[in-house]
Amino acid sequence: MSEKPIAEGGASYAAAGVDIEAGDRAVELMKEWVKKAQRPEVLGGLGGFAGLFDASALKNYERPLLASATDGVGTKVDIARQLGVYDSIGHDLVAMVMDDIVVCGAEPLFMTDYICVGKVHPERVAAIVKGIAEGCVLAGCALVGGETAEHPGLLGEDDFDVAGAGTGVVEADRLLGADRIRTGDAVIAMASSGLHSNGYSLVRHVLLNQAGLALDAHIEEFGRTLGEELLEPTKIYSLDCLALMRTTEVHAFSHITGGGLAANLARVVPDELHAIVDRSTWTPAPIFDLVGRTGSVERLELEKTLNMGVGMIAIVPQESVDVALTTLADRGVDAWVAGEITDRGEHPTGAALIGDYAS
């Protein structure tokens, strides 16, 4: 068998589609943003093989528990790619990781990211990292490092994906969860900023593929374009949740992501108890109605896929409700009592939504 001759000068990484110089340029552009997402415990700078975090800070804990999480932002990246808007996706990534960590009561400490691209466009990569760094500031954590990988031949030149991993710490006797929840506890809902970063496969299928809506189309109910609505950054609740823990008693949190409100709330409810959430206590934003109405999506399917206007749940004793709502209001978080914890009785274990949404 004859072999195809190698081009004059021999094969090279650049000829295979990997641009090392562009990668170096991206690192230089992102450095200023990474510097903004720091904590005093971080050692060294960008460019090392590993991010360093001074763990001696944990000596102040009696029994520190490390909490870790990893996540991405799903097919929301395709909306960002089509619109050429890259920084907001970083906020989404931090929210998906760090708001999982804070659920157990942990303080976010540091995060790393992974950005995979078909071709390195330095300004685009730097914009993504800018958003991640800004998100880390909002979450109170440091961005200690990351990786940008170029995958020519596997991804198109404009394609990309992002993922991240984070670490937090909580004192063992401050760990939140199902064992703290009691009958009569209040279920406090915190409003989402929109779709957040879940369910975009359904949303894209309904609005873009089936209905053929354009991302630059102005939607009257939104007061802005469809693309702007779909790229609304995910709300980062980490510091709000930590503020609640400082000001009053909290038994549990639940981050409302994939699976919807009922399924995620059920993850923190003990087997012998049940959470009842009353839909009539809030009105979902217009985007949820648009997806349901346009795609004739059944309500149960919507609620299993989207957050329906609730991004985080706090479960607190009844005597903590007033302080909790005041604390959240002072921090600019729209929150309300959406339900309560009851004995299991005839209800299945977990959580259920009752009533109709407020109009």
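Being a predicted model, the structure only gives us computed values, none of them experimental.
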Novice: My understanding is that only residues two or more places apart in sequence, or in another chain, count here; which of them pass salt bridge (Lys or Arg N to Asp or Glu O under 4.0 Å) with E232?
Specialist: R224
Novice: Show me the pairs that pass salt bridge (charged side-chain N to carboxylate O under 4.0 Å, His left out) and involve residues 237-251, at least two apart or across chains.
Specialist: K235-D240, D240-R331
Novice: Who pairs with Y86 by ring-ring contact (aromatic ring centres under 6.0 Å, His included), at least two apart in sequence or on another chain?
Specialist: F160
Novice: What donor-acceptor contacts under 3.5 angstrom involve side-chain atoms of residues 162-172, with partners at least two apart or in another chain?
Specialist:
residue: E171; atom: OE1; partner: E62; partner atom: N; Å: 2.9
residue: E171; atom: OE2; partner: E62; partner atom: N; Å: 3.1
residue: E171; atom: OE2; partner: R63; partner atom: N; Å: 2.5

Novice: Just jot down the salt bridge (Lys or Arg N to Asp or Glu O under 4.0 Å) partners of D158, sequence neighbours excluded, or say none.
Specialist: R124
Novice: Checking F288 now: which residues fulfil ring-ring contact (aromatic ring centres under 6.0 Å, His included) with it, not counting sequence neighbours?
Specialist: none
Novice: Give me each pair satisfying salt bridge (charged side-chain N to carboxylate O under 4.0 Å, His left out) with a member in residues 304-324, each pair once, sequence neighbours excluded.
Specialist: E301-K304
Novice: Under 3.5 Å, side-chain donor or acceptor atoms of residues 209-218 against the rest of the protein: list the pairs with distances, not counting sequence neighbours.
Specialist:
residue: Q210; atom: NE2; partner: H205; partner atom: NE2; Å: 3.2

Novice: Please name all residues satisfying salt bridge (Lys or Arg N to Asp or Glu O under 4.0 Å) with D289, sequence neighbours left out, ordered by chain then number.
Specialist: R293
Novice: Quick test of your reading: applying salt bridge (charged side-chain N to carboxylate O under 4.0 Å, His left out), list the pairs with at least one residue in residues 197-206, sequence neighbours left out, ordered by first then second residue.
Specialist: D78-R204
Novice: Output all residues satisfying salt bridge (Lys or Arg N to Asp or Glu O under 4.0 Å) with E303, sequence neighbours left out; order by chain, then residue number.
Specialist: R279
Novice: Any salt bridge (charged side-chain N to carboxylate O under 4.0 Å, His left out) pairs touching residues 50-59, not counting sequence neighbours?
Specialist: none
